[in-house]
Amino acid sequence: MKKTMLTLSVAGALMFSAVPAASAVGNGPGYGGNETINTSILTTYEEMADFLQKQDAKQAHMELEVIGQSVKGRDLYLAKYISDPANPTILFLTQQHGNEQLTTEGALEFIKHLGTSKTKNVLDNVNVLIVPMLNADGAMGDVNFSLDDYIAKGDRNLTRYNADGFDLNRDHVNRLQPETKALHENVLGKYDIDYMIDLHHQGAWSERDGELVSGSILYPTTPNVDPDVLLRSKQLGSVVFSAVDSTGWGHLGKYGGGNAETISRNGIAVEYGISTLLFEMRGMSDHYYEPYVLGQKSNGYLIKQTVTTLDAAVRSISDGSIEQADISFWDTLAEQNWRETE
């Protein structure tokens, strides 16, 4: 991969791992019109596909599957680690919104991580499914509408919407778009999935207790969710919160989400009985609204936060500790609010 973010992310993650929260999170850097947001350092769709194919050939436990095609005909990939179909299974879903790229960078880093000795024996007791870029057309800016007002520079702009201007994360009931149809027919309806983390970005200026957050989390909030599914969703959130909050640089709030079942967090929990968790990372890679875009010096810790999240979830399911996760923190976790910017 000629200019992939993966190499940069390792150095960035190591650099940020020892940085206190006030520096890594609280002080930004926000975009504020002062930074050049260069998309050429982000992994392209073609680079991602090449990376996945090489990892598939390299990793004995990994199997790569094409689950469908985007509006523009790009293959949509699923990385599978299935040691025993009877094991509990977790799905990681990234980039439903094409301008929320660092979740994909983290997922690719995690795929590489799963091929190392660091996860020895972990995959014996848990199955892992990863969709690393659902909205491939939006991620490449290959869309049927103008992106002239978007902020980022470089070899492309990135957009929330798919090529035909649809928000994939509002399409989980009707499934009108080929990307969401592929996800439901060839992943959610095909595999026996117990847990899902849906990874997004939320803008740069949300705070909890007066401090800018590194992200926010939320369980399904539709009243139609089964109580046991909701309990396991809250347990998954507990695992993630504990892992990120203990780093010293992570600071999470509670996301203020609605109960519409067109949203994956809600609809998938109800339809399939999958325990779901939304994770909204700080910032975005591109947008037309400046306060949503985050300066690129934050990339390292946000990629590390994604890897930390995915690793903690997999390990807790593998060793069964997720079943004893304390959910009482949800009762006192403050909902984030938007800090007014100058």
Taking a hydrophobic cluster as the set of Ile, Leu, Val, Met, Phe, Trp and Tyr residues connected by side-chain heavy atoms closer than 4.5 Å, whether directly or through intermediates, do [X] and [Y] fall within one such cluster?
X	Y	result
L52	Y45	yes
F241	L199	yes
I268	V229	no
I274	L236	no

Any donor and acceptor pair, going by atom type alone, linking the side chain of [X] with main-chain N or O of [Y] inside 3.5 Å?
X	Y	answer
D137	V71	yes
S216	V213	no
D84	N125	no
S316	V239	no
W249	Y301	no

For [X] and [Y], which I'm curious about, is there any donor-acceptor pair between the side chains at under 3.5 Å?
X	Y	result
N337	E207	yes
K181	N186	no
T43	E105	yes
E280	H200	no
D155	S40	no
D171	T180	yes
S146	D148	yes
N224	E261	yes
D311	H113	yes
T221	R265	yes
N127	T89	yes
E335	Y255	no
S83	D124	no
T104	Q95	yes

Are the side chains of [X] and [Y] in touch, meaning some heavy atoms are under 4.5 Å apart?
X	Y	answer
L277	S233	no
L129	Y191	yes
L108	M48	yes
Y219	T276	no

Can you check whether [X] and [Y] have ring centres sitting under 6.0 Å from each other?
X	Y	answer
Y161	F166	no
H201	H97	no
Y292	W205	no

### Query
Are D286 and R156 within salt-bridge range, i.e. N to O under 4.0 Å?
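No.
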
### Electrostatic pair K54-D50, nearest N-O below 4.0 angstrom
yes

### Query
Do other residues, nucleotides or ligands put more than 12 heavy atoms under 6.0 Å from the OH atom of Y288?
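Counting neighbours around OH of Y288, 12 or fewer heavy atoms of other residues, nucleotides or ligands fall under 6.0 Å, so no.
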
### Task
Please determine which of H172, R160, R170, E179 meets the side-chain hydrogen bond (donor to acceptor under 3.5 Å, both in side chains) test together with Q96.
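Passing option: H172.
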
